[in-house]
**Student:** 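Right, I'll just put the structure down here and ask away after.
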Amino acid sequence: MPTPVRARIGAAAGAVHSPERHGRRAGAPTIIFSMAQSPDGWLWLGASTGLFRFDGVKFERYAPRTGSLDSPGISALLALPDGGLWIGYRSGGVALLKDGALRHYGAAEGMPPSSPHAIRRDRQGRVWVASKDGLFRLNGARWEKMPGISERAERLGASVRWTSAPGQGSEVRLRLPGTLLM
């Protein structure tokens, strides 16, 4: 197995950068919904056909050592500083991949049946999931729905959108036609 490489964002002044194209011949999935880079350098891709990882040279479909993915369609990913990877399924539910083993969270653990749009971690290290059914936070081994956000948005005729930028944190935005509330 090749050693993962770290992707470089931005180039030094005056440096020449020659990007390579990667396609199906290199094993790349064709429909990608989410990407995350883990601390060990792997670029993870959540695709309509499964979970893939990229080492800078080739793509490979990932199969956990223990357990299996609940669904081939992956809608959201979140890489954790400790090497864990949160996976959101297009069919609903999430899983934590840690040291090659999967831990699934579904309806029995409080996850809604809808596809997660985003999985994020806040400054306190808590993990959050946004879906069309609302905003959920992991508390121990259970997901808790955060009351009020979805209901308030629905009452206003607004849509809920989760945004984030590297190093700038995340925020939930309510959008009314022609208006943005923060």
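Since the structure is predicted, the reported quantities are computational estimates derived from the model, not experimental observations.
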**Student:** Identify, with sequence neighbours excluded, every residue that meets ring pair (Phe, Tyr, Trp, His ring centres under 6.0 Å) alongside F52.
**Tutor:**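 Applying ring pair (Phe, Tyr, Trp, His ring centres under 6.0 Å) to F52 gives none.
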**Student:** Between OG1 of T66 and CG of L102, what distance do you get to the nearest 0.5 Å?
**Tutor:**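 It is 8.5 Å, given to the nearest 0.5 Å.
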**Student:** Looking at W128, I'd like to know if the NZ or CZ of R120 sits under 6.0 Å from its six-membered ring centre while staying within 45 degrees of the ring's axis.
**Tutor:**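 Ring-cation test returns no.
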**Student:** Which side-chain N or O atoms in residues 83-90 pair as donor and acceptor under 3.5 Å with protein atoms at least two apart or in another chain?
**Tutor:**
unit_1 : atom_1 : unit_2 : atom_2 : d
Y89    : OH     : D70    : N      : 3.3
Y89    : OH     : H104   : ND1    : 3.3

**Student:** My understanding is that only residues two or more places apart in sequence, or in another chain, count here; which of them pass side-chain contact (heavy atoms from CB on, under 4.5 Å) with N139?
**Tutor:** E144
**Student:** Can you give the donor-acceptor pairs under 3.5 Å from side chains of residues 108-115 to other protein atoms, not counting sequence neighbours?
**Tutor:**
unit_1 : atom_1 : unit_2 : atom_2 : d
E109   : OE1    : G106   : N      : 2.6
S114   : OG     : S131   : OG     : 3.1
S114   : OG     : D133   : OD2    : 2.7
S115   : OG     : S75    : OG     : 3.2

**Student:** Run the salt bridge (charged side-chain N to carboxylate O under 4.0 Å, His left out) test against R61 and tell me which residues pass, sequence neighbours left out.
**Tutor:** none
**Student:** Tell me, do R121 and L80 make a side-chain contact under 4.5 Å, heavy atoms counted?
**Tutor:**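 Of all side-chain heavy-atom pairs linking L80 with R121, at least one is under 4.5 Å.
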**Student:** Looking at V129 and V94, what are the two nearest heavy atoms and their distance?
**Tutor:**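 Distance-wise, the nearest heavy atoms are CG2-CG1, 4.1 Å.
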**Student:** For R142, give me all partners under side-chain hydrogen bond (donor to acceptor under 3.5 Å, both in side chains), at least two apart in sequence or on another chain.
**Tutor:** none
**Student:** With sequence neighbours excluded, what pairs up with W143 under the side-chain hydrogen bond (donor to acceptor under 3.5 Å, both in side chains) test?
**Tutor:**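 side-chain hydrogen bond (donor to acceptor under 3.5 Å, both in side chains) check on W143 returns nothing, list empty.
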**Student:** Could I get the full list of salt bridge (charged side-chain N to carboxylate O under 4.0 Å, His left out) partners for D82, not counting sequence neighbours?
**Tutor:** K98
**Student:** Closest heavy-atom contact between W44 and R53?
**Tutor:**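 Of all heavy-atom pairs spanning W44 and R53, the closest is CH2-CD, 3.7 Å.
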**Student:** Taking C-beta and beyond as the side chain, do H117 and K132 meet within less than 4.5 Å on heavy atoms?
**Tutor:**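 Yes, their side chains come closer than 4.5 Å.
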